[in-house]
Amino acid sequence: MTAEENKNATNGEENKPLNFIHTIVEDDIRTQKFGGRVHTRFPPEPNGYLHIGHAKSICLNFGTAAKYNGMCNLRFDDTNPTKEETEYVDSIKEDVHWLGFDWEGREFYASDYFDALYEFAVKLIKKSKAYVCDLTQEEMGTYRGTVTQPGKDSPFRTRSVEENLQLFEQMRNGAFHDGARVLRAKIDMGHNNMLMRDPILYRILHTDHHRTGDKWCIYPMYDFAHGQSDSIEGITHSICTLEFEVHRPLYEWFIKELEIYAPQQIEFSRLNLTYTVMSKRKLLSLVKEGIVNGWDDPRMPTICGLRRRGYTPESIRNFAEKIGIARRDQLIDVSLLEFCVREDLNKRSIRVMGVFNPLKVTITNYPEGQEELLEALNNPEDESMGTRKVPFGRELYIEQEDFMEEPPKKFFRLAPGAEVRLRYAYFMKCNEVVKDSNGKVIELKCTIDPASKGGNSPDGRKVKGTIHWVSAKHAIQAQARLYDRLFIKEDPEDAGEECDFKVNLNPESLIEQVCYIEPYLKDIKPMEKLQFERVGYFCVDNDSVPGKLVFNRTVTLKDSWAKISGKNE
RNA sequence: UGUCCUGUGGUGUAACUGGCAACACGUCUGAUUCUGGAUCAGAAGAGUCCAGGUUCGACCCCUGGCAGGACAACCA
């Protein structure tokens with residue numbers, strides 16, 4: 001992939017109003033603040049899988065760079081070896097690529113800068129702006145004060161430069177056990193901003209790092225690594241989410257004291273979605289407790305989950321574009337995400353027929369043993385996608401809900417005496433309803449109008465309803481996984497006292513059932529997308545094997561009948 | 001009972017250096033249609049958190065409230 005492709009991935013649009021970050025960037029270009037350069041970065045911590053919230057950030061960072069002919073680095077913020085793993089690095093790279101962006105070889109790690117960071121720390125010590133502190137974790141907590149009360153100076157704050165230098169080197173050399181000492185910045189224990197109260201720069205961690213192995217037993221904290229990494233890479237606009245806003249004074253303090261190149265940090269609000277939890281911790285617990293089947297469960301808001309669900313990169317990028325960038329908290333309705341997939345899939349999916357809750361239909365005026373092939377459009381939206389043949393026979397399956405014995409007013413589907421169109425086939429009238437001993441409808445006896453073959457009657461007669469069907473003899477069975485929202489509440493956190501968000505789990509977020517589909521689909525491959533007409537968009541799951549197909553429902557079609565029928569009740 | 005940030009239709013975003021609010025989704029009509037899908041046309045819906053002030057004029061500036069969020073991890 002190339003810069004050009006990054007640009008394509010941003011879906012262009014010139015005359016749309018700028019978001020506030022682009023306004024800043026354009027001002028900076030105009031004033032030559034960074035010599036006209038634009039250089040961003042996407043800085044994930046490799047301790048989990050990327051989710052749709054990260055997608056927003058990825059689109060913003062890579063998109064901004066592409067829009068202004070700049071660059072965007074991929075940088076792993078890997079300063080905590082106790083949490084980070086190579087497995088996550090790989091998945092993150094895969095997901096960013098899949099979304100359609102490329103870092104053009106600029107794959108960096110905060111750990112690339114451990115030596116430089118160490119020297120930065122030494123520099124601060126020499127300037128008497130950092131000191132080694134022996135306070136325990138608990139002590140440090142009390143010395144820090146609270147949000148409403150100032151803290152007080154550590155007794156170790158006045159150590160000499162020489163002693164600090166020596167101690168810090170010993171820390172590096174492994175002379176102390178985990179937690180024995182830390183290196184802190186010397187700022188102001190009375191500062192309103194808690195982060196400025198002598199924050200920790202380095203802690204002792206005798207843990208192997210996924211990249212540097214056992215080279216280090218001290219590791220820098222986020223605050224002491226992030227800004228300097230940005231500086232080293234020549235980042236111009238360091239775009240991050242709002243929770244880092246209070247870190248900005250510290251970010252700037254380090255840059256200033258270290259006397260190094262200063263990028264500009266800009267914060268925007270993170271994405272929240274209705275019916276969705278987004279925190280890594282909660283997503284992890286869903287995985288760990290087996291509530292979902294892994295990080296890529298199609299109900300997860302992870303990129304890999306959405307991918308498996310059948311979402312396209314284009315739809316996600318488009319979603320990111322639509323939700324905008326601002327600084328106020330946003331809670332986006334998931335239905336907007338769903339709109340975005342439908343919009344994209346509508347253009348590209350082939351249409352096929354599948355019956356999910358079969359009701360047998362026998363066509364009494366169609367000769368026994370006879371069958372024929374009828375031509376169907378693969379995509380009425382796009383004729384270039386061609387046609388296919390669909391087998392027809394005396395016995396069919398239709399959808400149970402397409403028949404009602406006592407239809408309400410605006411029901412356009414099949415009912416006793418009513419006529420509907422079998423898509424791409426014939427007009428069909430229902431003459432007899434067969435029930436079992438419980439009164440349940442188990443079969444319909446119908447007749448077709450042979451003259452209406454193909455779907456239109458030469459006498460110009462109209463039917464209001466068109467239903468899908470499948471030939472009982474030719475249909476193949478497949479597994480359908482009907483996914484729905486994972487939570488029943490718009491805000492899953494709204495669980496009352498003493499309860500956690502899992503009480504709001506939707507028991508019907510996954511319904512597995514058999515479906516009957518056109519034989520045309522026999523050789524369809526995993527990840528292929530399609531629309532089962534009148535039912536929804538689906539994609540073939542990775543679990544699918546020839547002869548045992550598995551279809552994931554990405555999203556249902558918009559259903560205005562559901563709305564009408566719902567109102568009548 | 002501290003500091004900082006934010007506050008525009010149901011949701012999200014916009015309104016150039018002040019000139020009475022736009023777009024998208026959603027909602028509702030109607031047209032059209034071999035998917036109750038898609039498409040097309042149209043409508044309703046906020047007077048910009050509140051109260052003052054500056055101004056000929058304020059969503060935009062000032063003051064004071066109110067509401068929401070962030071911040072007290074050797075996490076990022």
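Everything numeric here is computed off the predicted structure, so don't read it as measured data.
Annotation: rC62(B) and rG45(B) have their P atoms spaced 33 Å apart (nearest Å). If you take atom P in rA21(B) and the same atom in rC49(B), they sit 15 Å apart, rounded to whole Å. Going from the P atom of rG7(B) to that of rU13(B) covers 9 Å, rounded to whole Å. Nucleotides rA67(B) and rC74(B), compared at atom C1', are 36 Å apart to the nearest Å. Look at the P atom in both rU3(B) and rG64(B): the space between them is 12 Å, to the nearest Å.
A donor and an acceptor atom sit less than 3.5 Å apart, one in the side chain of Arg413(A) and one in the base of rG36(B). Applying the 3.5 Å distance criterion, the base of rA76(B) shares a donor-acceptor pair with the side chain of His247(A). Side-chain to base pairing of Arg328(A) with rU8(B): one donor and one acceptor N or O lie within less than 3.5 Å of each other. Judged by distance alone, with hydrogens and angles left aside, Gln330(A) brings no side-chain donor or acceptor close enough to the base of rU11(B) to form a pair under 3.5 Å.
In this structure, the nucleotide among rG2(B), rA76(B), rG26(B) sitting nearest to the side chain of Phe339(A) is rG26(B). Closest to the side chain of Val147(A), from the set rA76(B), rU13(B), rC71(B), is rC71(B). With distances taken from any side-chain atom of Glu245(A) to the nucleotides rG7(B), rU35(B), rC5(B), the minimum falls on rC5(B).
With its ring centre under 5.5 Å from that of the base six-membered ring and a plane angle below 30°, Trp561(A) counts as stacked on rG36(B).
Among the heavy atoms of the strands, none lies under 4.0 Å from Gln149(A). Within the nucleic acid shown, Leu331(A) comes within 4.0 Å of sugar-phosphate atoms alone, with no base atom in reach, counting heavy atoms only. Residue-level contact check: Glu381(A) touches the bases, meaning some heavy atom is under 4.0 Å from a base atom. Counting any heavy atom pair closer than 4.0 Å across all strands shown, Phe244(A) reaches a base atom. No engagement by Leu242(A) is indicated, since no non-hydrogen atom pair under 4.0 Å with the nucleic acid exists.
By the 4.0 Å N-to-carboxylate-O rule, Glu45(A) lies too far from Lys83(A) to be salt-bridged with it. Salt-bridge check for Lys453(A) with Glu372(A): passed, with a basic side-chain N closer than 4.0 Å to an acidic carboxylate O. At a threshold of 4.0 Å, the pair Asp153(A)-Lys186(A) does not count as salt-bridged, since none of the basic side-chain nitrogens sits closer than that to a carboxylate oxygen. Look at Lys347(A) and Glu381(A) and you find no salt bridge, because none of the NZ, NE, NH1 or NH2 atoms lies under 4.0 Å from a carboxylate O. By the 4.0 Å N-to-carboxylate-O rule, Asp344(A) lies close enough to Arg348(A) to be salt-bridged with it. Ion pairing of Lys282(A) with Glu493(A) is present here, as a side-chain N (NZ or NE/NH1/NH2) and a carboxylate O approach within less than 4.0 Å.
Listed pair Arg197(A) / rU3(B) fails the phosphate criterion, with no side-chain N or O lying under 4.0 Å from OP1 or OP2. For rC5(B), neither phosphate oxygen OP1 nor OP2 lies less than 4.0 angstrom from any side-chain nitrogen or oxygen of Arg327(A).
Across all strands shown, the partner of rG42(B) is rC28(B), judged by Watson-Crick or G-U wobble contacts whose two distances both fall under 3.5 Å. rA76(B) is unpaired under the Watson-Crick or G-U wobble criterion, no partner having all donor-acceptor distances under 3.5 Å.
Taking atom CZ of Phe319(A) as the reference point, atom P of rU11(B) lies 16 Å away to the nearest angstrom. Rounded to whole angstrom, the span from the CG atom of Leu250(A) across to the P atom of rA76(B) amounts to 13 Å.
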